[in-house]
Amino acid sequence: QAQFVASGGGLVQAGGSLRLSCVPSRSTFDINGIGWYRQPPGKQREWVASITSSGSRNYADSVKGRFTISRDNAKNTVYLQMISLKPEDTAVYYCNHRAVTPDTYWGQGTRVTVSS
């Protein structure tokens, strides 16, 4: 089973918005936090945003000002709110540990497609 389950992807127009959800399969968050990653078609996976257990947030330069990562501890869920979407945001989005290594397991992710 996947350790993290991402959902909420879909097809949106450029300039539109979408919110993704991430549910860890474990009962608690990773003490080091949770991160969102994406893999555009034909490109390598890249880090997008992260949030620590204390709520500190960081973003890749490509999404600053447009994406917001948040968490709901009561629901054991991490979110990625995306606004002003661009065609270059098209990718499969994944959530995982904030710190990943070559041994990190990746699930299937959720697909986001932004039309021109």
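Only this structure's heavy atoms are used, side chains among them; waters, hydrogens and symmetry mates stay out. In this chain, numbering begins with 1 at the start of the sequence shown.
Contact of the S50 side chain with the I34 side chain is not registered, since no non-hydrogen atoms from C-beta on lie closer than 4.5 Å. Contact check for F4 versus Y94: no side-chain heavy atoms found under the 4.5 Å cut-off. For the pair Y93/R111, no side-chain contact is recorded, criterion being any heavy-atom separation below 4.5 Å from C-beta on.
Residue pairs meeting the side-chain hydrogen bond (donor to acceptor under 3.5 Å, both in side chains) criterion with at least one member in residues 83-92, sequence neighbours excluded: R38-D89, R66-D89.
Clustering ILVMFWY residues whenever any of their side-chain heavy atoms sit less than 4.5 angstrom apart, transitively, puts I51 in a cluster other than the one holding Y79. Hydrophobic clustering (ILVMFWY, side-chain heavy atoms < 4.5 Å, transitive): M82 and V23 are in distinct clusters. Cluster annotation: V112 is connected to Y59 through the hydrophobic network of ILVMFWY side chains, with a link wherever side-chain heavy atoms come within less than 4.5 Å. Side-chain heavy atoms closer than 4.5 Å link hydrophobic residues (I, L, V, M, F, W, Y) into clusters, and following such links, possibly through other members, connects L80 to L85. Both V100 and V92 are members of a single hydrophobic cluster when ILVMFWY side chains are connected at heavy-atom separations under 4.5 Å.
Between the T110 side chain and the G9 main chain, a donor and an acceptor come within less than 3.5 Å of each other. Between the D72 side chain and the K75 main chain, a donor and an acceptor come within less than 3.5 Å of each other.
For K43, there are no salt bridge (Lys or Arg N to Asp or Glu O under 4.0 Å) partners, not counting sequence neighbours.
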Query - Trace of the side-chain contact (heavy atoms from CB on, under 4.5 Å) decision for Q108 with V5 - result: CA-CA 8 Å; Q108 293 179 293; V5 180; over 6 Å; no
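In this structure, the separation between OG1 on T104 and CD on Q3 is 9.0 Å, given to the nearest 0.5 Å. For the atom pair CG of N96 and CZ of R98, the computed distance is 13.0 Å after rounding to the nearest 0.5 Å. Here the CD-OG distance, from Q13 to S116, works out to 10.5 Å after rounding to the nearest 0.5 Å.
Between the side chains of T52 and S54, at least one donor N or O lies within less than 3.5 Å of an accepting N or O.
Contact record, W36 with S21: CH2-O, 3.4 Å, taken as the closest heavy-atom pair.
Cation-pi contact between R45 and Y37: absent, since separation from the ring centre below 6.0 Å together with deviation from the ring axis within 45° is not met.
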